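Structure record follows, encoded as structure tokens.
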Amino acid sequence: MSLSGRYVIAGIGHTAFGKLPGHDTVSLNVEACRHALDDAGVDKALVDAVFVKVPTSAHQFMYGQKVAEALGITPRMGGCWDQGGAANITLLSFAIMAIEAGQCDVALVCYADNPRTGNRAVYGRPRGDDAAYGWFSTAAGYAMIHRRHMIEYGTRPEDFAAVAMASRNHGAGNPNAQLRAPLDLDKYMASPWVVDPLRKDDCALVSDGGAALVVMSAKRAQQLGVAQPVPVLGFGHGQTSFELPQRATLTSTEAARAAHTAFQMAGARPQDVDVAQLYDCFTVTVLMTLEDYGFCRKGEAGAFVRGGAIAHGGRLPVNTSGGLLSETGMPGLQLIMEGVRQMRGTARLQVPGAKLCVVSNQGGTMHTHGTLLLGN
Amino acid sequence: MDMPKPEPTELSRPYWDALREGHLVFQRCSCGNAWLPARRHCPHCLKPEPRWERSRGKATLVSWVVYHTAYHPAFESRLPYNVALVQLAEGPRLLTNIVDANEALVADAPVELQIEWEGDTALARFRLAHVTV
């Protein structure tokens with residue numbers, strides 16, 4: 001029997017985003033979990049699984065157990081997973097499959113990090129022996145992909161700008177957003193190079209903060225009287241895995257396979273989607289995700305976004321709370337939370353009547369990908 | 001400020017030693033698969049003991065970036081500098097620098113090996129190949 005629609009996100013919670021001096025990542029996880037449990041109206045005593053994504057800026061041994069200890073929970077299942085930014089959807093999938101298999105009943109999925117006040121060295125790190133050639137940073141790998149997309153498909157700076165403008169202008173009115181400065185094409189074009197062809201406005205924020213989800217079966221949510229459970233209709237995964245120089249192509253990833261699995265599970269098609277929360281670590285990621293998911297053909301994402309399709313009010317509003325470019329650079333859970341709000345009908349920039357939301361999470365330099373479909 | 005140096009391992013030392021002797025080498029498995037960087041096993045058929053093979057040094061420029069931020073102090077004086085992804089005629093891809101001006105770089109341009117020394121390290125850089133008639 002399909003899992004589609006039989007499991008729900010029962011609660012969501014997050015900390016403040018931005019600069020949070022004096023907080024460690026464990027306490028940020030606890031804060032986010034506390035809010036998520038409150039939102040679900042579920043007592044901590046019912047939680048018997050804690051799935052944690054590793055803090056990007058500070059990998060630690062047995063980190064999942066540290067978080068569970070700080071939560072005062074002795075879970076049946078739990079631990080820490082490293083797969084970059086796609087890990088959130090993976091952990092949500094693991095939680096659902098574990099509950100289905102009778103291994104646990106109510107799960108927390110959470111993530112927190114503090115690279116902004118802590119150590120952000122991970123984002124500028126030397127990449128092995130290639131550092132001898134000056135090969136440093138996360139941004140540079142995406143810049144390499146960004147240029148190849150321009151080469152193969154004639155994608156223009158205006159197209160990348162349209163992605164940045166959607167996230168930034170949606171986030172501008174979000175009181176929780178870290179960067180609330182709207183963006184127009186002139187400002188984008190004047191934005192300084194980081195690693196050409198990437199401008200500063202193409203790049204995710206660096207943020208402190210955390211977020212959490214409460215996951216259970218739809219049946220359990222009903223028994224517990226959860227007020228606004230949001231059903232998970234589909235999920236899927238795909239991993240490119242090879243380091244950037246070893247890939248035969250730079251302009252497509254296993255995102256297509258992830259989406260195919262998720263849409264098949266949900267019995268839905270891309271044209272059924274009302275609103276999308278797409279991982280915008282860098283603008284090219286959104287363009288390639290639109291293509292790989294089938295919202296447009298390969299190479300046509302530039303034309304797709306050029307006319308305002310992904311702005312609120314367009315035919316596929318994307319990143320309605322600001323994404324990684326405006327709300328918080330936290331890798332991915334903010335997108336799942338905004339998907340939940342859209343399906344509850346409580347988003348600040350609500351898409352009227354939205355019934356299907358797609359969320360993408362992505363990790364590494366497009367190494368890993370997760371797709372999530374939420375309904376109501 | 002010293003440039004970051006590669007840290008040859010038992011596995012990768014033949015690669016760096018070959019550059020010192022004026023050759024760019026890559027690994028090839030008996031199944032025909034060729035790759036960089038060095039591995040113990042062929043990622044296609046998983047057989048061990050690939051052999052080292054010399055590249056002719058001809059490649060194509062796949063993509064490149066130009067750093068406007070130095071993530072290491074040794075590169076501050078070199079800004080803006082490029083890092084390029086090239087594909088050897090034999091198949092393997094590697095990261096490198098193109099020694100020509102950043103403005104001269106063109107997608108899919110033919111490039112050729114130009115080994116350069118940084119201190120006591122030989123690096124596999126490339127230059128734009130000027131096609132002769």
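Quick caveat, the model's predicted, so the values are computed rather than measured. Below, chain A is the first sequence line, B the second, and so on; all start at residue 1.
The parts of B/A124 that come within reach of chain A are both its backbone and its side chain, each placing non-hydrogen atoms under 4.5 angstrom from that chain. Within the 4.5 angstrom heavy-atom criterion, no atom of B/W35 approaches chain A. Within the 4.5 angstrom heavy-atom criterion, no atom of A/R127 approaches chain B. Contacts of B/E7 with chain A are made by both backbone and side-chain atoms, with heavy-atom separations under 4.5 Å. Only the backbone of A/A248 comes within less than 4.5 Å of a heavy atom in chain B; its side chain stays farther off.
A salt bridge does not link A/D129 with B/K5: none of the charged nitrogens is closer than 4.0 Å to a carboxylate oxygen.
Ring geometry for B/Y67 versus B/Y71: interplanar angle over 60°, hence perpendicular rather than tilted (30 to 60°).
The residue among B/D108, B/N82, B/L95, B/N102 with the most heavy atom pairs within less than 4.5 Å of chain A is B/L95. Your options are A/A131, A/A139, A/P126, A/P197, and the one with the most heavy-atom pairs under 4.5 Å with chain B is A/A131. By number of non-hydrogen pairs under 4.5 angstrom with chain B, the leading residue of A/P192, A/G134, A/A140 is A/G134. Each of B/V83, B/L94, B/T96 has some count of heavy-atom pairs under 4.5 Å with chain A, and the biggest count is that of B/V83. The candidate with the highest count of non-hydrogen atom pairs below 4.5 Å against chain A, out of B/L36, B/V86, B/V62, B/T121, is B/V62. Note on A/V194, A/L244, A/I145, A/I151: by heavy-atom pairs under 4.5 Å with chain B, the leading option is A/V194. Each of A/R148, A/M144, A/E152 has some count of heavy-atom pairs under 4.5 Å with chain B, and the biggest count is that of A/M144.
Seen from the ring of B/W52, B/R28 does not count as a face-on cation partner, given the 6.0 Å and 45° thresholds.
A/H260 has its ring centre no less than 6.0 Å from the ring centre of A/Y293. For an aromatic pair to be called close, the ring centres must be under 6.0 Å apart, and A/F136 with B/F75 satisfies this. Here A/Y142 and A/H146 keep their ring centres 6.0 angstrom or further from each other.
Remark: B/H68 NE2 is packed, more than 12 non-hydrogen atoms of other residues, nucleotides or ligands lying under 6.0 Å away.
Two residues are said to be in side-chain contact when any heavy atoms from C-beta on lie closer than 4.5 Å; B/Y15 and B/Q27 fail this criterion.
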